[in-house]
Number of protein chains: 2
Amino acid sequence: MPRSRSALRLADVAELAGVSLATASRALAGRDGVSDKVAEHVRQVANQLGYVANMHARTLAGGSTSTVGLIVHEIGDPYFSEIASGVIRVAGERDLMVQICHSGRDPEKEFRQIQTIIAHRAGIIIVAGSGYCDPRAQARSKAALTAFQASGGRVSVIGRHHLTADAVLPDNEAAGRSAAEHLLSLGHRRIAVVSGPDSLTTVEDRLAGIAGAIQRGGLTWSDIPVIPTSFTRDSGLQATEQILRDHPETTAIIALTDAMAIGVLSALRAHGIAVPDRISVVGLDDVSVAADLAPSLTTVRLPMAAMGELALAMALKPQSQRPRRKSTGHQLVVRDSTGPVPSG
Amino acid sequence: MPRSRSALRLADVAELAGVSLATASRALAGRDGVSDKVAEHVRQVANQLGYVANMHARTLAGGSTSTVGLIVHEIGDPYFSEIASGVIRVAGERDLMVQICHSGRDPEKEFRQIQTIIAHRAGIIIVAGSGYCDPRAQARSKAALTAFQASGGRVSVIGRHHLTADAVLPDNEAAGRSAAEHLLSLGHRRIAVVSGPDSLTTVEDRLAGIAGAIQRGGLTWSDIPVIPTSFTRDSGLQATEQILRDHPETTAIIALTDAMAIGVLSALRAHGIAVPDRISVVGLDDVSVAADLAPSLTTVRLPMAAMGELALAMALKPQSQRPRRKSTGHQLVVRDSTGPVPSG
DNA sequence: TTGAAAGCGCTAACAA
DNA sequence: TTGTTAGCGCTTTCAA
């Protein structure tokens, strides 16, 4: 790719304004050491010329970095696109650029993306998406991020990671509990769970919440069928087939994500099984289409966009002694996919 | 934000490898002018040290730029997140970073984002999202992009824009035609259209396709109610209320986007109106949830992810004499939301 | 308050 | 094939 060069340099502005390079630099950066009069004049000239500073030169010379790297599993996934939307919104307010990479939920690829972001000298790195239960999975990423922080970079993560960094912690356990309690309160005892990859902390936490509620409800957790799959609609669909086959007595299904819940609903519809009359379905996340499914999906809302905003806001603050941790809220949203246990 | 500095410089690698800066640079950039033996050695040393080049220094020194700027309306919108996914996928293969900005469908904000991207010295700018019917809306953006191209930058756009650049042209007109013809073939004569902002070329084109089909079908276009709103689910919902009130005889609704079609379905469900038995609904885009709505949505598929991939692929080729233009395909996807006109 | 000059880390001419 | 050197455009000491 050929280099892109805008003829306009700070030197041009300085010359036209009749000041030195240094003065022009100070004026435009809003630093002090310049009289208001001169500063204003320089800014006017720059504006007139349509001057925009070369970020590369600025960063290289030791100026501040104005880009934030965001690592998501896959931007096409609504969970992540909503987080990204929040990050970009806050970034836009501060004139920061957001660079987005796909990790593909692969620790190795995640590490490579982190390397690339560091090479681009981002000042902030946000790792969105679940952490891994096994600390070793992210060992290399952790080392890279620690070095990055040591050199002044700021890091924040969304989710429970084995990384030493400010963290936005989705209420995964509480959300799982909430979903399960909702079903229990409707009288369901034959509950099945469509789960995700059990290498992920998100899965661990959501399951823990569900398990706790189940046990407090007087049921035995190990009696509950838990089908591990991946976080996709199709996996939800297949897992449902399996549940219908192996556990026909099931009256309620919890899907660990809305994406999977959509697959669950599809499978049930294909089988002509009435929701919620015969089987209730509850998801987690509350992606924006959840309300528009038929039946509309009962789910537990996690504020994805707000999580993205918060992650960047935390990273914009100076590093604290110990990593900050902020929990998000969660909220059970009861819609039409859940109902009382069938009397049959 | 403090600067982020990795102590490791090319000079360190060169020294440790026992070669000059220039040789090290050549070796790592994969340029020739170095013996394979030396090159390999340098690369090994660099790898061992965990060296990653400073992009800013590299770009400033006249090397190639490795970032692409992508302007979308809003990344939380599935249409754009799928496009972005395609762009990021291709970028990942080539070690390019993708910077994403929101235009908010506001020409002024779009211009500012373009400025910012140019300041960051991206080598490629991709403008996704509809163009504006009024060329003046994008006049400033156009000027900025033209200057950018003149200095070696590459630009590609998705949609019909008044910009001189390589373009991926969604089959908007054909898609509109296809949707309308489908309804006509089912016998519908009382068709209403839920449209978007008529400042957008996307709206103009989709409506043109629909109008053409309608007229060829023997109907009078001006008799068809066209409700202009915005491209959102809620607008689709409200427009439907209006259609039910003002045009109760309607047997089919075309929504210009799936997002709006989702709102249409919601409104009809709220009114207890059977789809497709009393009213058929067809959307455009085929966002991924379209298949999972109930009833599943008949729509016309535009390959969003492929469009994103294509846009970047075009921009990666050297600029041609005249702007390239590539049409995307489109495909009618018949699902359960459309059926024959009610016999009543 | 202002200006001159020394880099930031790299690439790319130019020499050897 | 390799090395030397002059910048790229900016920020930031250090002097004035």
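Numbers restart at 1 for each chain; the letters A, B, ... are given by sequence-line order, proteins then strands.
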In whole angstroms, how far is the C1' atom of D/dC10 from the CZ atom of A/R26? 13 Å
Between B/A11 and A/D36, the residue closer to the 5' end of DNA chain C by nearest nucleotide is A/D36
Considering only side-chain heavy atoms of B/R9, which listed nucleotide, D/dG9, C/dG9, C/dG3, is closest? C/dG9
Please tell me which of A/D32 and A/L21 maps to the more 5' nucleotide of DNA chain C, matching each residue to the nucleotide holding its nearest heavy atom. A/D32
If you compare every side-chain N and O of A/T23 against the phosphate oxygens of C/dT1 (OP1, OP2), does one of them come in below 4.0 Å? no
Rounded to 10°, the helix from C/dT1-D/dA16 to C/dA16-D/dT1 deviates from straight, judged by its five-pair end axes, by 30°
On a plain distance test, is the side chain of A/R121 in donor-acceptor contact with the base of C/dG9 below 3.5 Å? no
Whole angstrom value for the distance that separates P of C/dG9 from CG of A/N54: 16 Å
Is the shortest side-chain heavy-atom distance between B/T67 and A/H120 below 4.5 Å? yes
Could you tell me whether A/S25 contacts a base, only the sugar-phosphate backbone, or nothing, with contacts defined as non-hydrogen atoms closer than 4.0 Å? base
Please state how far atom CG in A/L60 lies from atom P in C/dG7, giving the value in whole angstrom units. 14 Å
In whole angstroms, how far is the P atom of D/dC8 from the NE2 atom of B/H120? 22 Å
Once you apply a heavy-atom cut-off of 4.0 Å, does A/A29 come out as touching a base, just sugar-phosphate, or nothing? nothing
Contact summary for A/L28 and A/Y51, nearest pair of heavy atoms: CD1-CE2, 3.6 Å
Determine whether A/I158 and A/V127 make a side-chain contact, defined as any pair of heavy atoms from C-beta on separated by less than 4.5 Å. no
B/R105/B/E110 salt bridge by N-O under 4.0 Å criterion: no
Please report, rounded to the nearest Å, how far the C1' atom of C/dT1 is from the CZ atom of A/R31. 14 Å
SB check A/D166 A/R154 (cutoff 4.0 Å): yes
What is the distance, rounded to the nearest whole Å, between atom CG of A/L10 and atom C1' of D/dC8? 14 Å
Return the value, rounded to whole Å, for the distance between atom CG of B/L28 and atom P of C/dA12. 13 Å
Could you give the NE2-to-C1' distance, from A/H56 to D/dC10, as a whole number of Å? 12 Å
For a 4.5 angstrom cut-off between non-hydrogen side-chain atoms, does B/L145 reach B/I125? yes
Choosing from D/dC10, C/dC10, C/dA4, which nucleotide comes nearest the side chain of A/A57? D/dC10
Heavy atoms from other residues, nucleotides or ligands near CD of A/E15 exceed 12 (cutoff 6.0 Å): no
Side-chain N or O of A/Y51 closer than 4.0 Å to phosphate OP1/OP2 of D/dC10: yes
C/dC8, OP1 or OP2 - any side-chain N/O from A/R58 closer than 4.0 Å? no
Going by the angle between their ring planes, with limits at 30° and 60°, are B/F80 and B/H73 parallel, tilted or perpendicular? perpendicular
